[in-house]
Participant: 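Got a structure here, written out as structure tokens. Questions coming.
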Amino acid sequence: MSRNAESTAFRSALEVIRAVEPRVADAIGAELTDQRESLKLIASENYASPATLLAMGNWFSDKYAEGTVGRRFYAGCQNVDTVEALAAEHARELFGAAHAYVQPHSGIDANLVAFWAVLADRVESPALKKAQVRQVNDLTEADWFALRRELGNQRMLGMSLDAGGHLTHGFRPNISGKMFDQRSYGTDPATGLIDYDRVAEAAREFKPLILVGGYSAYPRKVNFRILREIADSVGATFMVDMAHFAGLVAGKVFTGDFDPVPHAHIVTTTTHKSLRGPRGGMVLCQPELADQVDRGCPMVLGGPLPHVMAAKAVALAEARRPDFADYAQRIVDNAQALAEGLLRRGAKLVTGGTDNHLVLIDVSGYGLTGRQAEQALLDSGIVTNRNSVPQDPNGAWYTSGIRIGTPALTTRGLGTAEMDQTAELIHTVLTQTTAGANADGTPSKAKYTLDPALADKVARQATDLLAPHPLYPGIDLA
Ligand SMILES: *Cc1c(COP(=O)(O)O)cnc(C)c1O
């Protein structure tokens, strides 16, 4: 396929949009420029292929398709059936899953589908039957607690937030924290690693209905075989949320005990993080949960997004190609090179390194909060996000950590030598940034000083690092 085709496609699309609302066309163009120019180290972001992006921008968006393949509540869904069935087939083949549900609009939505499926499968409740015919969004908080009581105060055991777990694993800001009585497992304070004996102990004491594995900010492999044994020993359903590392599972970097699919009853994921697909979610499950999972819409999901399912089918087809395994391995090689580069320069890393796509820097070693470090790096053209570290003294807002990840830069083609240079840039900025003080002289968790000339110099060096690896090399909008 000619590179010219990509340029023509996007140029023409912008021309059509510009004729209606030029400011939107300009913003789309400006976003490409911004993404091209920034050293993107946000662990949850990536760059989808032009084919994936184009599959989303069309008339599939016009179609209503509630229901499942071959069983729709709307007429004329034969083409939606084609793309939904393709996306599900690619997902099953790629991950070796018995069943795939590709309708969830995001990772959080996929988790909601999974929770309801497990509750409906495991708990006999008239209140739940009632909730299933209403939109869950209509329930008040009092309704939730009544429902939760009627469901028998079901329990969820998941990874604690500051150890790298996700809000949707039973924490109060998310509905999972209202639906379930939650308890969490953390990591060993000395090593930063999951202590499986402690997880087993917590499971024995707490007897959860659902044991959740998976994380957003844990830089290590997780042994899903052991977690499954723990779940079995207490009769829990074992769910894994692989939103962050699905690409490493797809690319066969995580196999055997570290591949969640053969071990979990149900697996949820996003499609836009390391998997490099469109913004969306997915549920994979064992056959016995399939019927309940397929009820996701309208139980907790709005109508399916056929254009996004088309893009999922394209991205999953890409992930089944041999070069995706090479990509996945390079993500990890790059993360390890970044970690080694930081360690060699004296940075403090949670768990002392990484064996996945992300690195968590404990920036207290630089005398900074996560908030100060995030902003100073951003001033220097380096995009990261602040994140709690285990037992974080600065809480979830200011934090003491910076999470960096390599899926996006690996997509651009940067390699281990450039990761070492990236480590140098990060270390330079963090050593040159000093924490500020409040008006009354107390230390500030937000203010900092960094010489603007140094920030500019680092930003130029970051641009130089990116220059040999253009983002979307086949797309020229000029
Ligand atoms: C990112 C993430 C999600 C949420 O995904 P969205 O698509 O933003 O809803 C859920 N779980 C985990 C573990 C994540 O990292």
Side-chain angles (χ1 to χ4, degrees), residues 52 55-56 58-123 128-137 237 239-243 246 261 264-272 275 277-317 319-320:
T52 297
M56 270 185 285
N58 57 68
W59 32 89
F60 259 136
S61 162
D62 300 336
K63 195 72 197 98
Y64 243 111
E66 269 184 46
T68 48
V69 175
R71 224 185 136 264
R72 304 285 184 185
F73 294 91
Y74 287 79
C77 291
Q78 56 281 1
N79 302 308
V80 179
D81 280 358
T82 301
V83 293
E84 181 168 354
L86 266 173
E89 181 192 320
H90 284 315
R92 287 192 308 270
E93 293 291 326
L94 178 64
F95 292 107
H99 183 72
Y101 181 62
V102 298
Q103 291 185 9
H105 310 152
S106 80
I108 288 181
D109 293 14
N111 285 350
L112 263 181
V113 170
F115 298 148
W116 283 105
V118 174
L119 284 171
D121 181 57
R122 303 268 318 260
V123 186
L128 181 57
K129 291 255 154 56
K130 241 181 277 165
Q132 273 184 317
V133 297
R134 271 206 282 171
Q135 281 291 337
V136 173
N137 292 348
T237 297
M239 165 176 159
V240 175
D241 178 352
M242 63 171 183
V261 180
H265 297 98
I266 188 161
V267 176
T268 58
T269 186
T270 60
T271 47
H272 50 274
L275 195 53
R279 187 151 293 274
M282 217 160 56
V283 181
L284 309 173
C285 67
Q286 307 282 355
E288 59 275 18
L289 284 168
D291 282 349
Q292 290 297 347
V293 164
D294 284 350
R295 290 178 202 205
C297 167
M299 177 66 188
V300 286
L301 295 179
L305 309 175
H307 53 307
V308 181
M309 293 195 289
K312 285 172 181 168
V314 171
L316 288 163
R320 289 184 67 190

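Nothing here was measured: the structure is a model prediction, and the numbers come from that model. Positions are given from 1 along the sequence.
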Participant: Under 4.5 Å between any side-chain heavy atoms of Pro278 and His272, yes or no?
Facilitator: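 Pro278 does not reach His272 side chain to side chain.
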Participant: Can you measure from OG1 (Thr237) to CD (Gln286) and round to the nearest 0.5 angstrom?
Facilitator: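 Rounded to the nearest 0.5 Å, the OG1-CD separation comes to 10.5 Å.
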Participant: Can you find a pair of side-chain heavy atoms, one from Met299 and one from Val113, that are under 4.5 Å apart?
Facilitator: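 They are not in side-chain contact.
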Participant: Would you compute the distance between atom CG of Asn111 and atom CH2 of Trp116 and round it to the nearest 0.5 angstrom?
Facilitator: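 Atom-to-atom, Asn111:CG and Trp116:CH2 are 14.0 Å apart.
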Participant: What heavy-atom pair brings Phe60 and Asn79 nearest, and what distance separates the two atoms?
Facilitator: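 Where Phe60 meets Asn79 most closely, the heavy atoms are CZ-O, 3.5 Å.
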Participant: Can you tell if the side chain of Val300 reaches within under 4.5 Å of the side chain of Asp109, non-hydrogen atoms only?
Facilitator: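 Side-chain contact under 4.5 Å: no.
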Participant: Using every non-hydrogen atom in the two residues, find where Gly96 and Val261 come nearest and quote the distance to one decimal.
Facilitator: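 Smallest interatomic distance, heavy atoms only, reads O-CG1, 3.9 Å.
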Participant: Determine whether a donor-acceptor pair (N or O, by modelled atom type, separation under 3.5 Å) exists between the side chain of His105 and the backbone of Val308.
Facilitator: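 Side chain of His105 to backbone of Val308: no pair is present.
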Participant: Going by the side chain to side chain contact (heavy atoms under 4.5 Å, CB included) test, name the single residue among Thr268, Val283, Val118 that passes it with Met239.
Facilitator: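 Of the listed residues Thr268, Val283, Val118, the side chain to side chain contact (heavy atoms under 4.5 Å, CB included) partner of Met239 is Thr268.
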Participant: Between His90 and Ala317, which heavy-atom pair has the shortest distance, and what is it?
Facilitator: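 The answer is NE2-CB, 3.7 Å.
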Participant: Between the side chains of Arg72 and Glu84, is the shortest nitrogen-to-carboxylate-oxygen separation below 4.0 Å, so that they form an ion pair?
Facilitator: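 Yes, charged N to carboxylate O under 4.0 Å.
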Participant: Which atom names give the shortest non-hydrogen contact between Gly277 and Thr52, and what distance separates them?
Facilitator: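 That would be C-CG2, 4.1 Å.
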Participant: Tell me if a side-chain donor or acceptor on Gln103 pairs with a main-chain N or O of Gly67 at a distance below 3.5 Å.
Facilitator: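 Answer holds: yes.
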Participant: Please report the interatomic distance CE(Met242) to CG(Leu284), rounded to the nearest 0.5 Å.
Facilitator: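 The distance works out to 5.0 Å.
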Participant: Does any N or O in the side chain of Lys63 come within less than 3.5 Å of the main-chain N or O of Pro306, such that one atom is a donor and the other an acceptor?
Facilitator: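 Not at all, since once roles are kept as given, no pair shorter than 3.5 Å links the two residues.
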Participant: Leu301 versus Pro104: any side-chain heavy-atom pair under 4.5 Å?
Facilitator: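 Side-chain contact under 4.5 Å: yes.
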Participant: Assess the side chains of His99 and Asp294: does a donor N or O sit below 3.5 Å from an acceptor N or O?
Facilitator: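 Side-chain D/A pair, His99 to Asp294: present.
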Participant: Looking only at heavy atoms, what is the nearest atom pair of Leu275 and Ala319, with distance?
Facilitator: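 For Leu275 versus Ala319, the nearest heavy atoms are CD1-CB, 4.3 Å.
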Participant: Just how far is it from atom CZ of Arg279 to atom OG1 of Thr271, taken to the nearest 0.5 Å?
Facilitator: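 The distance works out to 8.5 Å.
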Participant: Mark yes or no for whether Thr270, through its side chain, and Ala243, through its backbone, hold a donor-acceptor pair below 3.5 Å.
Facilitator: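 Side chain of Thr270 to backbone of Ala243: a pair is present.
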Participant: List the atom of Val293, the atom of Cys285, and the distance in Å for their closest heavy-atom pair.
Facilitator: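 Smallest heavy-atom distance, with atoms named: CG2-SG, 3.9 Å.
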Participant: Check whether any side-chain N or O of Lys312 sits under 3.5 Å from a backbone N or O of Gly281 as a donor-acceptor pair, and report yes or no.
Facilitator: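 The answer is yes, because a donor-acceptor pair under 3.5 Å joins these two groups.
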Participant: For Arg122, I'd like to know if atom CZ has over 12 heavy atoms of other residues, nucleotides or ligands within 6.0 Å.
Facilitator: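 More than 12 heavy atoms, drawn from other residues, nucleotides or ligands, come within 6.0 Å of this atom.
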Participant: Taking atom CG as the centre, does Asp291 end up with more than 12 heavy-atom neighbours from other residues, nucleotides or ligands that are less than 6.0 angstrom away?
Facilitator: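 Count not over threshold, so no.
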Participant: Do Met282 and Leu316 have side-chain heavy atoms sitting under 4.5 Å apart?
Facilitator: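 They are in side-chain contact.
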Participant: Do the non-hydrogen side-chain atoms of Pro304 and Glu66 ever get within less than 4.5 Å of each other?
Facilitator: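 SC-SC contact between Pro304 and Glu66 confirmed.
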Participant: State, yes or no, whether a side-chain contact exists between Tyr101 and Leu289 at a heavy-atom distance under 4.5 Å.
Facilitator: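 The answer is no, as the side chains (C-beta and beyond) never meet within the 4.5 Å cut-off.
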